[in-house]
Asker: 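Below you'll find the structure I mean.
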Amino acid sequence: MHKLLENIDEILLMGPGPSCIAPSVYSALSKPTLGHMDSDFINIMDAIKENLRILFQTENRLTVPMSGTGSAGMETCFVNLIETGDNVLILVNGVFAQRMADVASRLGANVDTIEFEWGTPVLADQVKDKLNEKDYQILGMIHAETSTGVCNPAEQISQLLAGSDTLYILDTVTSLGGIPVKIDEWGVDAVYSGSQKCLSCPPGLSPVSFSERAIQKLQNRKNKVPNWYLDLSMIINYWEGKKRAYHHTAPVNMLYGLCEALDLIMKEGMDHVFERHRKNHEALVKGIEGLGLNMLVRPDARLPMLNAITIPDGADDESVRTTLRKEYKIEIGAGLGPLAGKVWRIGLMGHTAREENVEKFLNALGKTL
Ligand SMILES: *Cc1c(COP(=O)(O)O)cnc(C)c1O
């Protein structure tokens, strides 16, 4: 094997993703590659779709993993659903919502944003006022804002949209597999996630799901989807039906990995998985406060899988992260945008969310500080 690969260290991944990978997922990745039209492979694809529906808590027939990272899922939702001139409202309280606004504006939409302070959640009342002022074809929000550690009120926003024609796009890249995501109950029309956060797969796949209403908008478009690779009206012919049609070569082994990662979640039980995230988050917060440090986000808006810690006076952001990486083989995340240099981001995602990892990190951080 190439010597650069031989020498890769095992790093405890406690940043904003990728997260630690379970041994059986690594084994799945190295299984023999099948042809992408092979009937045995198609059975694997069907098993993935079924487990994704369970995890998204949806009956949506169009539920598939896109080839690409979480951002490809974001692009998929917007490129399939936006038509030139559509009014799009994005609720912004972090980097990923800013990215949503960028993606939507490149597609010729009229994009409005409502900005909320980073580290605080979206406020439904302000959204309600905006929705009363103007008709929007699409509203986009991030469920778990990984840049700040805030959980946004996905259900409350769905209540504001009930009975309207506005399509609801929700980013669940970091929430899926770590906290409940209830696509049908919340009336979400298009949702996407990513393989390398709480699903604990390597980066490279982005599960998406579209409601019947979203599919209708896609089918009634005046113009073709302006992106060949991500056009769901074509991709569905590969992922569905008795006879499958080639679109692009599926990343076969990556899909083995996702199949196994989803199976691990199902075997442990979704509720147990969510509970494990919550417990380890609570243990981390207790330890952090025990070290005299503070969490950025107020308790009721915190995500269990992404913990933003305020960097204490006198500690050097970069040298602490470097020491953790070099001496303890632990990766944590830096702050982004207005929070750069102000917070560390500690991920407890998927296979990372285990007691021994919380202990190892608290020990290492205590000694480093
Ligand atoms: C990580 C992340 C993305 C982007 O995913 P990539 O895999 O980096 O493309 C989008 N949204 C959120 C909330 C994320 O955490």
Side-chain angles (χ1 to χ4, degrees), residues 13-21 55-56 65-79 90-104 106 113 116 118-122 139-154 157 168-181 183 188 190-209 227 229-230 251 254-255 257-258 261 277 296-297 301-308 331-337 339 343-350 352-353:
L13 295 170
M14 298 189 78
S19 56
C20 297
I21 312 293
L55 201 53
F56 275 130
M66 299 298 287
S67 309
T69 65
S71 306
M74 184 187 289
E75 193 101 38
T76 298
C77 290
F78 286 100
V79 83
I90 309 286
L91 312 181
V92 179
N93 58 347
V95 164
F96 293 103
Q98 288 181 333
R99 186 176 299 179
M100 267 189 169
D102 187 6
V103 168
R106 287 168 193 237
T113 58
F116 302 88
W118 289 36
T120 71
V122 161
L139 177 144
M141 188 176 75
I142 311 289
H143 186 202
E145 184 46 86
T146 322
S147 61
T148 64
V150 163
C151 185
N152 280 321
I157 298 302
Y168 185 14
I169 298 183
L170 190 65
D171 172 314
T172 64
V173 175
T174 284
S175 53
L176 191 73
I179 51 176
V181 168
I183 291 318
V188 175
V191 62
Y192 59 93
S193 189
S195 52
Q196 82 274 27
K197 313 258 168 133
C198 292
L199 302 181
S200 278
C201 234
L205 289 171
S206 175
V208 305
S209 184
N227 180 311
Y229 195 70
L230 302 175
M254 274 306 303
L255 288 161
L258 181 62
H277 280 84
L296 173 75
V297 180
R302 282 177 199 158
L303 290 168
M305 73 288 280
L306 196 289
N307 299 271
E331 176 182 280
I332 64 166
L336 295 176
L339 295 176
V343 299
W344 290 311
R345 292 181 301 147
I346 315 305
L348 289 172
M349 299 181 177
T352 303

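Throughout, numbering of the chain's residues begins at 1 and tracks the sequence. Just so you know, ligand 1 is whichever comes first in the structure, and atom 1 is the first atom listed for that ligand.
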Asker: Show your working on side chain to side chain contact (heavy atoms under 4.5 Å, CB included) between Tyr192 and Ile169 and close with a plain yes or no.
Answerer: CA-CA 8 Å; Tyr192 59 93; Ile169 298 183; 4.3 Å; yes

Asker: Looking at side-chain heavy atoms only, is the closest gap between Arg345 and Leu336 below 4.5 Å?
Answerer: yes

Asker: So, using side chain to side chain contact (heavy atoms under 4.5 Å, CB included) as the criterion, who are the partners of Ser175 when residues are at least two apart?
Answerer: His143, Ala144, Thr172, Ile179, Val181

Asker: Listed by chain and number, what are the side chain to side chain contact (heavy atoms under 4.5 Å, CB included) partners of Pro251, not counting sequence neighbours?
Answerer: Ser67, Leu205, Met254, Leu255

Asker: Met349 and side chain to side chain contact (heavy atoms under 4.5 Å, CB included): which partner among Cys198, Pro18, Cys20?
Answerer: Cys198

Asker: Ligand 1: which residues have a non-hydrogen atom closer than 4.0 Å?
Answerer: Thr69, Gly70, Ser71, Phe96, Arg99, Ile142, Ala144, Thr146, Asp171, Val173, Thr174, Gln196, Lys197

Asker: Throw together a table of side-chain donor-acceptor distances under 3.5 angstrom for residues 90-99, partners on residues two or more places apart or in other chains.
Answerer:
{"residue": "Asn93", "atom": "OD1", "partner": "Asn152", "partner atom": "ND2", "Å": "3.2"}
{"residue": "Asn93", "atom": "ND2", "partner": "Thr120", "partner atom": "O", "Å": "2.9"}
{"residue": "Asn93", "atom": "ND2", "partner": "Asn152", "partner atom": "OD1", "Å": "2.9"}
{"residue": "Arg99", "atom": "NH1", "partner": "Ser71", "partner atom": "OG", "Å": "2.8"}

